Amino acid sequence: MKNLFKIFALLMIVLFPVNAQFVFDPQKMDSIRKSTNEDYRLMLQMLGIDSTRPGPSGNPKDHNAANTNESKAATYTSLPDPLILNDGRKVKDAETWWKKRRPEIVEYFDREIYGRVPKNVPGVSWEIVKTKEDTIGNIPVVVKELLGHVDNSSFPSITVDIQLTLTIPADTKGPVPIAMEFGFILPPGFKLPEPPPGVPKDPNWQQLVLEKGWGYAILVPTSYQSDNGAGLTKGIIGLVNKGEHRKPDDWGALRAWAWGASRALDYFETDKSVNAKQVIIEGLSRYGKAAIVTMAYDQRFAIAFVGSSGAGGVKILRRNYGEQVENLASSSEYHWFAGNFIKYAGPLKSNDLPVDAHELAALCAPRPIFISSGSFEVEGGWVDAKGMFLGGAYASPIYELLGKKGLGTYDFPPIETALTNGEIAFRQHKGGHTTGPNWPEFLKWADKYLE
Ligand code: GCU
């Protein structure tokens with residue numbers, strides 16, 4: 001029963017972004033699959049790669065199931081040191097980090113992993129489409145529905161509008177902190193299914209946020225960049241490329257989604273009810289990856305709450321546990337990344353990556369990040385809770401260099417232990433593929449940093 005719920009929840013997450021209308025249209029899905037395969041084939045051609053290695057299966061019963069045995073996980077031979085410059089010298093002060101080492105790491109992530117945001121991305125003008133009053137829990141709120149219209153004068157056949165809603169307590173006096181989630185806006189009347197008996201219901205995070213006197217926002221990533229390879233010639237990536245296919249170091253969906261979060265933050269800077277210096281970015285799974293990418297690249301974000309981000313997020317990519325680089329580089333997930341990333345499932349291997357996930361976490365320093373995971377029993381091993389913990393642990397020296405506290409340990413803690421004494425926090429809750437049960441601990445920790 002628990003497993004059925006898990007599969008259903010995963011399906012919802014995987015299907016919704018692809019098909020925002022909640023309609024399973026086989027013809028549409030088939031045409032997406034075909035265009036995706038064509039885009040993937042073209043990228044392999046550009047990279048001069050004939051074939052890629054297949055990744056392991058996410059189904060633990062399969063003969064080629066992903067490894068979930070810890071004794072086989074850490075076979076990698078190299079883990080890049082964020083404190084060693086490309087020329088071999090050691091970073092000993094904050095200035096060398098900011099001026100030399102950080103830009104080196106950013107360049108690797110740009111070129112090899114997430115891709116570059118083009119210089120000529122057009123501007124966005126925000127429109128408040130609707131403002132309404134509502135009550136959430138017992139709290140009166142004001143809800144603004146917004147659209148960010150992207151200037152498409154350079155290629156009018158592609159229209160891009162960023163969907164965002166902002167909910168603020170009605171009786172607030174000054175500007176408030178905002179928790180912004182990468183998510184989807186449910187159609188009126190739609191309710192997510194209740195968990196089966198024995199699995200506790202997630203707390204209502206929106207209500208918890210409002211009770212603190214803060215506001216929240218939902219940003220819909222798929223409103224401006226689809227969650228599939230077929231969409232790479234459309235959305236914001238396609239608009240900038242005038243409908244053409246990507247070059248190998250062009251941005252993938254994760255950076256595009258993060259770009260949209262930055263544009264939402266631009267809007268917050270103009271809204272007097274929002275304290276734009278105190279914006280939290282949160283997401284789960286592929287949107288957990290998007291949350292850490294957003295935080296790493298845009299230093300205006302105050303705090304990140306990174307839910308079950310797994311491979312491509314804060315999980316150490318070199319670990320042979322759960323999802324692997326080969327899965328990410330396959331035709332169903334490569335669109336999240338730069339085309340160049342596919343090389344690591346072809347001629348190269350994860351050991352050859354010039355950077356790993358701890359360095360993505362390090363790019364967030366000194367700002368606070370909370371790394372969240374579900375349990376092995378309910379969520380499964382695919383996301384690799386320990387791999388995500390290590391992503392935070394190995395980023396700690398950079399936080400310490402900048403005068404902050406890192407995770408404080410390299411020993412993976414027992415479940416439900418909140419490591420929340422420093423600017424890198426970690427907690428594995430007992431539930432499944434959700435940030436839900438970690439919201440109360442997250443808010444307690446985040447409260448130290450926000451008004
Ligand atoms: C798949 C994928 C993960 C991703 C997840 C999700 O499981 O392999 O990398 O995080 O989907 O977003 O739901």
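Numbering of ligands and ligand atoms starts at 1, following listing order. Since the structure is predicted, the reported quantities are computational estimates derived from the model, not experimental observations. Counting begins at 1 with the first residue of the sequence.
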Quick check on contacts: which atoms of ligand 1 are under 4.0 angstrom from a heavy atom of [X]?
X: Glu333; answer: 1 (C), 2 (C), 8 (O)
X: His433; answer: 13 (O)
X: Lys289; answer: 3 (C), 4 (C), 9 (O), 10 (O)

What I'd like to find out is whether the side chain of Glu282 reaches to under 4.5 Å of the side chain of Trp439, using heavy atoms alone. yes
Interatomic spacing from CD in Glu423 to SG in Cys364 - rounded to 0.5 Å: 12.5 Å
Would you compute the distance between atom CG of Leu164 and atom CZ of Arg263 and round it to the nearest 0.5 angstrom? 12.5 Å
Nearest non-hydrogen atom to atom 6 (C) of ligand 1 belongs to which of Gly58, Ala66, Ser285? Ser285
Under 3.5 Å between any N/O of Trp382 and any N/O of ligand 1: does that happen in this structure? yes
Step through the shown structure and confirm whether more than 12 heavy atoms of other residues, nucleotides or ligands are within 6.0 Å of NZ on Lys349. no
A quick test of your reading: do over 12 heavy atoms of other residues, nucleotides or ligands sit less than 6.0 Å from CD of Glu244? no
Which segment of Tyr287 sits under 4.0 Å of ligand 1 when only heavy atoms are counted: neither
